[in-house]
Amino acid sequence: MATEDPRHRAHGRASLQQRIHDFRKAYRKARDWRCEPPTALMAAIRFALTGDSGRFVSHDGARLSRIYRDGD
């Protein structure tokens with residue numbers, strides 16, 4: 001019986017643990033960039049689900065930012 005090597009996981013479906021990690025990372029980054037909490041929340045949710053937060057207003061309204069995952 002063959003077992004899957006964890007180093008060679010199929011790309012596509014992330015584990016719940018990975019999505020939570022991604023959410024926290026993006027939320028923390030958005031808040032560090034002085035985003036309002038609801039904006040940071042939406043950006044973090046989009047990042048956790050898709051790997052791209054989309055554009056959002058940050059730095060107290062002075063910038064338009066985006067968080068995305070590089071294509072390893």
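One is the number of the first residue; the rest follow in order along the sequence. Every value quoted in this text rests on a predicted model; they were computed, and no experiment measured them.
- Neither Phe47 nor Leu49 shares a network with the other; the hydrophobic side chains, linked directly or stepwise wherever heavy atoms of I, L, V, M, F, W or Y lie under 4.5 Å apart, form separate groups for each.
- The shortest distance between side-chain heavy atoms of Ser65 and His59 falls below 4.5 Å.
- Listed by first and then second residue, the side-chain hydrogen bond (donor to acceptor under 3.5 Å, both in side chains) pairs that reach into residues 36-49 come to none, sequence neighbours excluded.
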| Residue pair Tyr68, Asp70: steps toward the side-chain contact (heavy atoms from CB on, under 4.5 Å) verdict | CA-CA 6 Å; Tyr68 59 93; Asp70 284 338; 3.5 Å; yes
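- One distance of note links OG1 of Thr50 with CD1 of Ile45; it measures 11.5 Å at 0.5 Å rounding.
- To the nearest 0.5 Å, atom NE2 of residue His21 and atom CD of residue Gln17 are 9.5 Å apart.
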| request: Run the numbers on Asp52 and Arg69 for salt bridge (charged side-chain N to carboxylate O under 4.0 Å, His left out), then give the verdict. | output: CA-CA 6 Å; Asp52 186 347; Arg69 187 178 295 120; over 6 Å; no
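- Minimum heavy-atom separation, Cys35 to Val57: SG-O, 3.1 Å.
- Nearest heavy-atom pair across Arg31 and Pro37 is NH1-CD, 3.5 Å.
- Cluster membership for Ile20 and Leu41, using ILVMFWY side-chain heavy atoms within less than 4.5 angstrom, is not shared.
- For the salt bridge (Lys or Arg N to Asp or Glu O under 4.0 Å) test, no residue two or more places apart in sequence or in another chain qualifies with Arg63.
- For Arg34, the salt bridge (Lys or Arg N to Asp or Glu O under 4.0 Å) partners two or more places apart in sequence, or in a different chain, are Asp60.
- The main-chain N or O of Ala43 is never found under 3.5 Å from a side-chain atom of Ser53 such that the two would form a donor-acceptor pair.
- The two residues Phe56 and Gly54 come nearest to each other via the heavy atoms CD2-O, 3.5 Å.
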